[in-house]
Amino acid sequence: MTKASTVMTGTVEIGIVHYPGALLSSVQGIAEQFYLANSICQQNGLEFVFKTQICDSQKLEAAELDQMKPLQVIILPPCLEDSYYLAPESGLLSWLKWQHKQGAIICSVCAGAFVLAKTGLLAGRKATTHWALADDFASRFPEVVLDSQKLLINDSDIITAGGLMSWVDLGLELVAQFTNSQIMRQLGKYLIVDTAPREQRFYQTFTPRLDHGDEVIVKAQHELHRNYSQTVVIKHLAQLTHLTERTFLRRFVKATGLKPSQYLQNLRIKKACELIEMNRMPFEKVALDVGYEDLSAFRKTFTKITGQTPKEFKSRFVK
């Protein structure tokens with residue numbers, strides 16, 4: 001969360017974009033979150049009001065920009081289904097760019113980042129989206145500096161949030177930015193949500209691509225899946241696929257985005273997470289079962305990939 005602590009007075013006009021397929025609970029939930037923030041502001045003697053409005057994306061298509069009202073914050077909510085976010089209306093994109101030019105902070109949640117990226121405003125900027133959408137986003141918008149491990153990235157005039165439910169985190173971030181961190185924490189306590197810093201990789205699971213079209217590499221992936229607890233030998237995988245080691249490495253990285261050793265590390269840690277969640281065996285046994293004889297190396301790799309130690313992971317997800 002932001003560390004902003006300057007108390008402001010006045011009204012913040014916030015537009016929540018309702019586009020086809022948008023998660024309705026988030027559209028209404030964001031508005032209700034700011035309604036609660038207003039109540040907490042009043043309890044603390046702050047003359048401060050968040051004013052929200054729902055903006056219908058289809059009505060923006062026919063609207064004239066010079067007749068529109070500039071807003072201070074625009075929020076593109078997540079999408080539960082549909083494919084609108086991949087091909088948003090030109091009217092919405094023009095409106096977003098105009099609002100940004102007038103000084104609005106443009107925010108996106110989850111798939112909303114695809115709409116934001118379509119405006120061109122994310123070119124050369126840091127951003128995040130849902131980890132499950134990261135590969136698709138990166139291929140469509142290579143000009144964006146994507147970090148899908150981050151739950152939220154506040155880049156001043158652009159704020160992106162990754163998870164499907166991270167509209168709650170975005171709301172808290174904006175409350176802290178326009179009021180102070182104390183108001184934000186009070187709101188978090190009322191909502192009973194964690195206001196401590198989090199990352200998407202706390203919740204991310206390794207989902208390797210098997211539909212890339214290279215059947216030879218799929219064969220190697222299947223071999224790794226069967227024998228993930230064994231030491232990876234490039235020579236063996238190359239022989240299995242009837243390729244030279246150099247050709248195998250090149251095609252494996254192209255198909256999966258990872259080197260075989262990185263792929264194996266992610267696969268092992270995924271299996272370790274499953275064992276920790278399903279069993280109560282000691283971490284030493286978990287490490288051995290997934291192929292790590294050195295417990296220290298296991299902890300180091302686990303923390304690097306998941307963003308938390310095995311003990312922290314167990315505390316967060318195993319009740």
Side-chain angles (χ1 to χ4, degrees), residues 1-2 4 8-44 46-61 63 68-82 84-85 88-89 91-92 95-96 99-100 102-116 129-130 151-152 154 157-181 183-195:
M1 297 300 169
T2 183
M8 301 176 65
T9 60
T11 300
V12 176
E13 299 274 357
I14 300 175
I16 305 166
V17 181
H18 183 195
Y19 59 85
L23 188 65
L24 295 180
S25 60
S26 69
V27 173
Q28 296 298 329
I30 293 168
E32 291 166 350
Q33 189 176 11
F34 285 112
Y35 174 83
L36 292 173
N38 286 336
S39 298
I40 294 173
C41 285
Q42 292 173 6
Q43 293 169 14
N44 284 268
L46 297 182
E47 296 180 1
F48 200 87
V49 176
F50 291 100
K51 186 177 180 181
T52 61
Q53 59 180 279
I54 309 300
C55 304
D56 189 331
S57 67
Q58 294 176 314
K59 291 182 179 179
L60 293 173
E61 181 75 26
M68 295 182 182
K69 180 180 180 180
L71 302 172
Q72 287 168 275
V73 179
I74 307 292
I75 299 175
L76 292 160
C79 179
L80 189 60
E81 54 184 52
D82 210 316
Y84 174 87
Y85 69 91
E89 296 145 322
L92 172 59
W95 179 74
L96 290 170
Q99 288 285 0
H100 184 257
Q102 304 307 308
I105 299 172
I106 311 297
C107 311
S108 69
V109 183
C110 193
F114 285 74
V115 180
L116 180 52
T129 188
H130 194 290
L151 186 68
L152 186 144
N154 188 334
D157 58 315
I158 300 286
I159 304 177
T160 53
L164 190 64
M165 293 298 294
S166 60
W167 56 267
V168 176
D169 300 86
L170 174 62
L172 292 170
E173 179 80 2
L174 289 168
V175 168
Q177 183 164 314
F178 284 101
T179 60
N180 57 56
S181 56
I183 299 296
M184 178 271 287
R185 285 194 293 271
Q186 288 184 36
L187 177 59
K189 288 179 180 178
Y190 188 84
L191 295 171
I192 316 180
V193 296
D194 188 2
T195 57

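Counting begins at 1 with the first residue of the sequence.
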Is the shortest heavy-atom distance from the side chain of Val73 to the side chain of Cys107 under 4.5 Å?
-> yes

Name every donor-acceptor pair, under 3.5 Å, that has one atom in a side chain of residues 18-32 and the other anywhere in the protein, sequence neighbours excluded.
| from | atom 1 | to | atom 2 | distance (Å) |
| --- | --- | --- | --- | --- |
| Tyr19 | OH | Pro77 | O | 2.7 |
| Tyr19 | OH | Pro78 | O | 3.4 |
| Ser26 | OG | Leu23 | O | 2.6 |

Does the side chain of Gln99 come within less than 4.5 Å of Trp95's, by heavy atoms?
-> yes

Closest non-hydrogen contact found for Trp167 with Gln33 is O-OE1, 3.6 Å

Least distance between heavy atoms, Asn154 atom then Leu152 atom | N-CD2, 4.0 Å

So how far is it from Cys55 SG to Ile14 CD1, rounded to the nearest 0.5 Å?
-> 11.0 Å

Taking all non-hydrogen atoms of both residues, which atom of Leu151 and which atom of Gly163 are closest, and how far apart?
-> CD1-N, 4.1 Å

Which value, rounded to the nearest 0.5 Å, describes the distance between Ser108 atom OG and Leu170 atom CG?
-> 8.5 Å

Residue pairs passing the salt bridge (charged side-chain N to carboxylate O under 4.0 Å, His left out) test with at least one member in residues 11-30, sequence neighbours excluded, are Glu13-Lys69

Rounded to the nearest 0.5 Å, how far apart are SG of Cys110 and CE of Met165?
-> 11.0 Å

Find the distance between CG (Leu76) and CD1 (Ile106) and round it off to the nearest 0.5 Å.
-> 7.5 Å

Taking all atoms of both residues into account, what is the closest heavy-atom pair of Thr129 and Ala111, and its distance?
-> OG1-N, 4.1 Å

Heavy-atom distance under 4.5 Å between the side chains of Val175 and Leu172, does that happen here?
-> no

Gap separating the CG atom of Asn38 from the CG atom of Leu46, nearest 0.5 angstrom | 10.5 Å

Would you say Tyr35's side chain and Lys51's backbone share a donor-acceptor pair under 3.5 angstrom?
-> no

Would you check, one step at a time, whether the test side-chain contact (heavy atoms from CB on, under 4.5 Å) holds for Val12 with Leu71?
-> CA-CA 8 Å; Val12 176; Leu71 302 172; over 6 Å; no

Results of ring-ring contact (aromatic ring centres under 6.0 Å, His included) for Tyr85 - residues two or more places apart only = Phe114

If you measure from CD on Gln186 to OG1 on Thr179, what distance do you get to the nearest 0.5 Å?
-> 9.5 Å

side-chain contact (heavy atoms from CB on, under 4.5 Å) between Ile75 and Val17, worked out | CA-CA 6 Å; Ile75 299 175; Val17 181; over 6 Å; no

Do the side chains of Val109 and His130 get nearer than 4.5 Å, heavy atoms only?
-> no

Do the side chains of Ile105 and Gln177 get nearer than 4.5 Å, heavy atoms only?
-> yes

Closest non-hydrogen atoms of Leu187 and Ile40, given as atom of the first, atom of the second and distance, are CA-CD1, 3.4 Å

Can you find a pair of side-chain heavy atoms, one from Phe50 and one from Leu174, that are under 4.5 Å apart?
-> no

